[in-house]
2 protein chains.
Amino acid sequence: MDTPENVEEAIEVLQQLGLKEYEARCFVGLSRLNTGTAKKLSELTEVPRTRVYDAIRVLEAQGLVEIQHSSPQQFRAVPLEEATETLRDQYEERVERLHDALDTVDVVDEGDESPVQQIWAMAGQDAIENRTDQLIEKATNEIVLVIGDESLLTEDLVETLNEVDDGIDLIIGTLTEPLQDQVQAAVPDATTFVSGLEWLHGEYTEEDDTAIGRLLLIDRSTILVSSIMPDTKEEQAIFGEGFGNGLVVIARRLMAQGLIPARDPQ
Amino acid sequence: MDTPENVEEAIEVLQQLGLKEYEARCFVGLSRLNTGTAKKLSELTEVPRTRVYDAIRVLEAQGLVEIQHSSPQQFRAVPLEEATETLRDQYEERVERLHDALDTVDVVDEGDESPVQQIWAMAGQDAIENRTDQLIEKATNEIVLVIGDESLLTEDLVETLNEVDDGIDLIIGTLTEPLQDQVQAAVPDATTFVSGLEWLHGEYTEEDDTAIGRLLLIDRSTILVSSIMPDTKEEQAIFGEGFGNGLVVIARRLMAQGLIPARDPQ
DNA sequence: CTATTTGTAATTCTTTGAGTGACTACAAGA
DNA sequence: TCTTGTAGTCACTCAAAGAATTACAAATAG
């Protein structure tokens, strides 16, 4: 009885979603069975039989399995679509509760400053993408975006880009021509170019794919630059605001030198 | 320094969403500050100063806070909308991965049976609602639904009910007249009635609000009956399929006695 | 009626996370 | 130069949660 790797995957994800190991194993086990008893399940999943009962009870309370109270009890997993929908609902509720709670709290007003040299670091592709969206939506004059990796051109980003107001210059660079074509097709209103920023790529390491992630310059006063860790693929970004911000100044200088085109794509 | 209760709430929910206590406290702390150092945060949140760093690192990796690498380091929380969106994204990804993994697995075909006396139990409002939706969508002739508690008449359910095919008899009962009016307004195509099932309510306990949750009979061959625990408010349901199923037979008998109207609302 | 299966419960072992203190680095002031 | 306070990292303890095992009573099958 070997365990296919997608079974392992499913078990892991379920744990990330908050289930205990036994619960996860049992649920996946039931997903492979039309219906099962504690004994069968225990054999299939290596969960000690005597613990199957507890695990199943928890799963039932979460709406992920059904129990038939006969003897022996029969268990079965809720159909996949129903299960995922239920999980979604659960998390949606939680996020909403979080939102409401935090919304009614905010700011213990400390006498706070906003010096100009602030440069903030953040991580995580989702978070960086959300920030990117926010910045793009707030632009009033000019958006310069350089995309360093195909994987960053998500549906969501494309959607945000296509919603940009007509009066705003939208300039998008890529590191390769195929990607440029792709961008131009996805975002017809944009002016695209192939970036002269190849030097931002890993220089000395050989297989160092994609050092730069994205570069976003909004109204020449807000900048976000990200890179992708070659090993973990995690995206990391730094972010600076304000016309006088050091990073922003550097970016403007790059632009002046033509390395980032402004309105005249090379 | 007291902690408002919505702060507590937020911390709890964040933990349910997978954060550790310190991480949750730090994030909420930062949400109350424009910007903070480890020291300030530690004072505000009671997280030991030396542990703030670890917690923040984790939060940063998840895209929930930004770090300014100065000395002392400054931390700040990502704006609320961004944070919730990032969390949503994260869970959406997980649920999707789960779906994909389980989709490619399924059934270790065991010689399985489908006797007719199966009655399954399930729990959880979300799960029961999803099942209700599924059943309604699969109906071909007749839907009889009795709603025992206002809280069960969700947007989602109304939507599902309004998508029911025209050729299908849709009969909805409630326990009170006001609720009937509400239903009739929300689902114009339905035939509504006030149920003669008051006896399903808690009989001997005094404050036993709402014993019956919902009762759903599909094509006279599939039935789902739920109740709401008076203490926990948790919804529990039993569910039977097949024309010969004992539960279903009982339901048909009730109908024959006019307790559940079929096509002639009282 | 006995032997097995089923279900509950108590018990140990392991891991994780909360809480604390020791240690290094550094900058400001004496 | 020496002292002192703050920032940051690490390593350690203790308690709680979870994994794994065992003991035992009730139910079932042969």
Side-chain angles (χ1 to χ4, degrees), chain A residues 1 3 8 11-30 33 35-62 65-76 110 118 120-121, chain B residues 1 3 7-8 11-30 33 35-62 65-76 110 113 115 117-118 120-121:
Chain A
M1 175 108 332
T3 47
E8 292 296 341
I11 292 174
E12 258 179 52
V13 177
L14 280 168
Q15 284 183 274
Q16 289 174 5
L17 287 170
L19 297 196
K20 305 302 171 206
E21 185 183 329
Y22 285 170
E23 293 155 19
R25 304 185 87 88
C26 283
F27 181 77
V28 176
L30 281 180
L33 250 33
T35 188
T37 63
K39 189 164 183 228
K40 261 207 277 182
L41 248 192
S42 163
E43 283 156 6
L44 179 61
T45 63
E46 339 258 39
V47 173
R49 182 187 59 82
T50 61
R51 305 250 91 209
V52 168
Y53 300 98
D54 314 59
I56 293 286
R57 262 192 282 275
V58 174
L59 289 170
E60 200 239 15
Q62 303 214 18
V65 313
E66 298 166 79
I67 300 182
Q68 186 175 8
H69 292 284
S70 49
S71 183
Q73 299 179 270
Q74 298 275 117
F75 312 122
R76 72 176 185 192
E110 299 268 329
Q118 295 188 345
W120 297 92
Chain B
M1 177 109 330
T3 46
V7 167
E8 292 296 341
I11 292 174
E12 257 180 52
V13 178
L14 280 168
Q15 284 184 274
Q16 289 175 6
L17 288 169
L19 297 196
K20 305 302 172 207
E21 185 183 328
Y22 286 169
E23 294 156 18
R25 304 184 89 87
C26 282
F27 181 77
V28 176
L30 282 180
L33 250 31
T35 186
T37 63
K39 190 167 181 224
K40 261 206 278 183
L41 248 192
S42 162
E43 284 157 6
L44 179 61
T45 62
E46 337 257 44
V47 173
R49 183 186 59 82
T50 62
R51 284 318 213 62
V52 169
Y53 301 98
D54 314 61
I56 293 287
R57 262 192 282 277
V58 175
L59 289 170
E60 201 239 16
Q62 302 214 20
V65 313
E66 299 166 77
I67 300 181
Q68 188 176 4
H69 292 285
S70 48
S71 182
Q73 298 179 265
Q74 297 276 117
F75 312 123
R76 72 177 186 193
E110 298 268 328
E113 71 317 316
Q117 269 306 349
Q118 294 188 344
W120 297 91

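Naming: A, B, ... by sequence-line order, numbering from 1 per chain.
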Under the side-chain contact (heavy atoms from CB on, under 4.5 Å) test, which residues partner B/Ser42, sequence neighbours left out? B/Arg49, B/Val52
B/Gln62 versus B/Leu19: any side-chain heavy-atom pair under 4.5 Å? yes
Name the first nucleotide and the last nucleotide along DNA chain C (5' to 3') that come under 4.0 Å of a heavy atom in chain A. C/dT6 to C/dA9
Could you tell me which residues satisfy salt bridge (Lys or Arg N to Asp or Glu O under 4.0 Å) with A/Arg76, sequence neighbours excluded, listed by chain and number? A/Glu66
Heavy-atom side-chain proximity of A/Ile56 to A/Leu41 below 4.5 angstrom: yes
Test item: B/Thr37 and B/Gln73 side chains (from C-beta on) under 4.5 Å apart, heavy atoms: no
Contact string for nucleotides 19-30 of chain D, one letter per nucleotide 5' to 3', B = base within protein heavy-atom range under 4.0 Å, S = sugar-phosphate only, - = neither, reads SBBBB---SS--
Any donor-acceptor pair under 3.5 Å linking the side chain of B/Thr35 with the backbone of B/Phe75? yes
Residues at least two apart in sequence or cross-chain that pass side-chain contact (heavy atoms from CB on, under 4.5 Å) with A/Gln15, listed by chain then number, are A/Ile11, A/Glu21, A/Ala24
Once you round it to whole Å, what is the distance between C1' of D/dT9 and OH of B/Tyr53? 10 Å
Hits for side-chain contact (heavy atoms from CB on, under 4.5 Å) against B/Ala55, two or more places apart or cross-chain, chain-then-number order -> B/Tyr22, B/Glu23, B/Cys26
